[in-house]
Amino acid sequence: MRLAHLLLVVVASCSIISCSLGYRPVVILHGILSGAESMTLLVQEILAAHPGTIVYNCDKFNGWYSLENAWRQVDQIRDYLNEVGKLHPEGIIVLGYSQGGLLARAAIQSLPDHNVKTFISLSSPQAGQYGTSFLHLIFPDLAAKTAFELFYTRAGQYTSVGGYWNDPHKQELYMKYSEFLPLINNEKKTSNSTSFKMGMVRLNRLVMIGGPNDDVITPWQSSHFSYYDENLDVVPFTKRKFFTADSIGVKTLQEAGKLIIVIKPNVHHLAWHRRKDVIHEVILPYLD
Ligand SMILES: *[C@@H]1O[C@H](CO)[C@@H](O)[C@H](O)[C@H]1NC(C)=O
């Protein structure tokens, strides 16, 4: 009788312990010109550190499909996050790498009643991109200075990159032609602007990771929402209008202590998800 009682207590307390150790499910979105397989090491490290975590390594828009129009991709990622979120009413974590982090942010902002608790942006061009190293991955012969002639057209907007190409010398054309970044940053007001902000402030935590040796995201500070002015000086995000006017709620998150900026030097763009030490230092601490 006593033993049975004791066993019952042990069993009960074990299940409570395992509950309190339970980690939220993680959804991972890969970068441009790659697929879910490129994120395998990250999945392995998450499972090794936090056994039992449910990880969704999204394989939508892999390879060349990752160049499709940004909204086309965001619509599907949004539906995917919505479905996964419904399976886990306790809340999920979303991590997007490079372009995947920008598309994931737009998807989260497009879901005003999502249950994403933590969003991790891993070296993503959140304020746009203006530089050749990234460009040449995809368009080897295009020069940054003249890329606007391609991207700021109806045809250029068919590519994902056209949607977040942000030429500091051609801001009028950017505002006129870009159908993606100025919308999700509420620089261009639309009927969706209010929900874009609601989706953002619903996060419990926004983690933005990037660093000065990235060599692909240009300027690298775009990973933290900072960006070039017309003289190519980088304006810190806290001084940019989208922040001071709290257009998309990043200021609200910061004031609530929910914005985490991670700056890590000596990590190349292609290493953020491929180096164990980096994963352990900048990603795992936020997966609880
Ligand atoms: C607002 O969002 C909906 C749903 O994603 C979309 O169909 C519509 O085109 C958007 N409207 C504008 C003005 O961007």
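We number each residue from 1, following the sequence as shown.
The heavy-atom pair separating Arg275 from Asp277 by the smallest distance is NH2-OD2, 2.8 Å. For the residue pair Pro168 and Leu232, the shortest heavy atom distance occurs at CG-CD2, 3.5 Å. Between Ser124 and Ser98, the shortest heavy-atom distance links the atoms OG-O, 2.8 Å. For the residue pair Cys58 and Tyr80, the shortest heavy atom distance occurs at CB-CE2, 3.7 Å. Annotation for Leu142 and His136: closest pair O-NE2, 2.6 Å, computed over non-hydrogen atoms. Considering every non-hydrogen atom in both Ile217 and Gln129, the closest pair reads CA-OE1, 3.5 Å.
The aromatic rings of Tyr23 and His50 lie parallel to each other, with less than 30° between the two planes, well short of the 60° mark.
Summarising the local packing, OH of Tyr177 is surrounded by 12 or fewer heavy atoms from other residues, nucleotides or ligands at distances under 6.0 Å. Environment of NZ in Lys189: crowded, with over 12 heavy atoms of neighbouring residues, nucleotides or ligands closer than 6.0 Å. With a 6.0 Å radius and a threshold of 12 heavy atoms from other residues, nucleotides or ligands, Glu172 has its CD atom at or below the threshold.
Side-chain atoms of Asp59 and Asn62 form a donor-acceptor pair, as typed in the model, at a separation below 3.5 Å. In this model, a donor atom of one side chain and an acceptor atom of the other lie less than 3.5 Å apart for Gln99 and Ser160. A donor and an acceptor atom, one from each side chain of Gln171 and Asn166, are located under 3.5 Å apart.
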- Message: Using side chain to side chain contact (heavy atoms under 4.5 Å, CB included), reason through Tyr228 and Asp233 one step at a time and then give a plain yes or no.
- Response: CA-CA 5 Å; Tyr228 289 135; Asp233 292 324; over 6 Å; no
- Query: What's the verdict on side chain to side chain contact (heavy atoms under 4.5 Å, CB included) for Met200 and Val250, showing C-alpha distance, side-chain angles and the deciding distance?
  - Reply: CA-CA 7 Å; Met200 189 70 116; Val250 176; 4.0 Å; yes
- Task: Tell me, with the steps shown, if Lys197 and Asp246 meet salt bridge (charged side-chain N to carboxylate O under 4.0 Å, His left out).
- Result: CA-CA 9 Å; Lys197 184 172 176 178; Asp246 204 21; 3.8 Å; yes
- Output, in order, the C-alpha distance, side-chain angles, deciding distance and verdict of side chain to side chain contact (heavy atoms under 4.5 Å, CB included) for Val94 and Ile92. CA-CA 7 Å; Val94 174; Ile92 59 173; 4.2 Å; yes
- So Lys170 and Tyr152, side chain to side chain contact (heavy atoms under 4.5 Å, CB included) or not? Walk me through it. CA-CA 9 Å; Lys170 304 286 174 197; Tyr152 296 155; 4.1 Å; yes
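Here the side chains of Asn213 and Val267 are not in contact, with every heavy-atom distance at 4.5 Å or above. Within the 4.5 Å cutoff, no side-chain heavy atoms of Asp214 are placed close to those of Ser223. Annotation: side chain of Thr118 is not in contact with side chain of Leu95 (no heavy-atom distance under 4.5 Å). Looking at heavy atoms from C-beta onward, Leu81 lies in side-chain contact with Ile108 at the 4.5 angstrom threshold. Counting only heavy atoms from C-beta outward, the side chains of Trp272 and Ile279 never approach each other to under 4.5 Å. Met208 is not listed as a side-chain neighbour of Leu122, based on a closest heavy-atom distance of 4.5 Å or more. Using a 4.5 Å heavy-atom threshold, the side chains of Gln109 and Ser195 count as separate. Side chains of Ser222 and Pro125 form a contact here, defined as non-hydrogen atoms less than 4.5 Å apart.
When atom types are taken as modelled, the side chain of Lys264 and the backbone of Val282 share no donor-acceptor pair closer than 3.5 angstrom. Although no hydrogens or angles enter the test, the distance criterion places a donor-acceptor pair under 3.5 Å between the side chain of Thr159 and the main chain of Gly162. In this structure, the side chain of Ser38 engages the main chain of Gly35 through a donor-acceptor pair within 3.5 Å. Listed for the Arg205 side chain is a donor-acceptor partner under 3.5 Å among the backbone atoms of Tyr286.
Going from atom CG of Asp215 over to atom OG of Ser133 covers 6.5 Å, rounded to the nearest 0.5 Å. Atoms CG and CD, on Asn185 and Gln126 in that order, are 8.0 Å from each other to the nearest 0.5 Å. With values rounded to the nearest 0.5 angstrom, Arg78 atom CZ is found 13.5 Å from Gln73 atom CD. The line from CZ of Arg240 to OG of Ser247 is 10.0 Å long, rounded to the nearest 0.5 Å. Leu103 contributes atom CG, which lies 9.0 Å from atom NE2 of His30 (distance to the nearest 0.5 angstrom). Atoms CD1 and CG, on Ile248 and Leu183 in that order, are 12.0 Å from each other to the nearest 0.5 Å.
Under the 4.5 Å side-chain contact rule for hydrophobic residues, Val27 and Met39 do not share a cluster. Put simply, Val216 and Phe225 are part of the same group of oily side chains (I, L, V, M, F, W, Y) that touch within less than 4.5 Å, one to the next. In the hydrophobic cluster analysis, where Ile, Leu, Val, Met, Phe, Trp and Tyr join through side-chain heavy atoms closer than 4.5 angstrom, Leu29 is grouped together with Leu203. The hydrophobic clustering, which links ILVMFWY residues whose side-chain heavy atoms are closer than 4.5 Å, places Tyr65 and Ile28 apart. Criterion: ILVMFWY side-chain heavy atoms under 4.5 Å apart, direct or through other members. Under it, Trp71 and Leu67 are part of a common hydrophobic cluster.
Remark: aromatic rings of Phe119 and His114 are distant, center separation not under 6.0 Å. A ring-centre distance under 6.0 Å is not found for His224 and Phe237. Between Trp165 and Phe148, the distance from one ring center to the other does not fall under 6.0 angstrom. For an aromatic pair to be called close, the ring centres must be under 6.0 Å apart, and Tyr56 with His88 satisfies this.
In this structure, Asp113 does not pair ionically with Arg202, as no charged nitrogen and carboxylate oxygen lie closer than 4.0 Å. Ion pairing between Glu90 and Arg24 fails under the 4.0 Å rule for side-chain N and carboxylate O.
Of the listed residues (Tyr158, Phe139, Tyr164, Phe180), just one forms a ring-ring contact (aromatic ring centres under 6.0 Å, His included) with Phe151, and that residue is Phe139.
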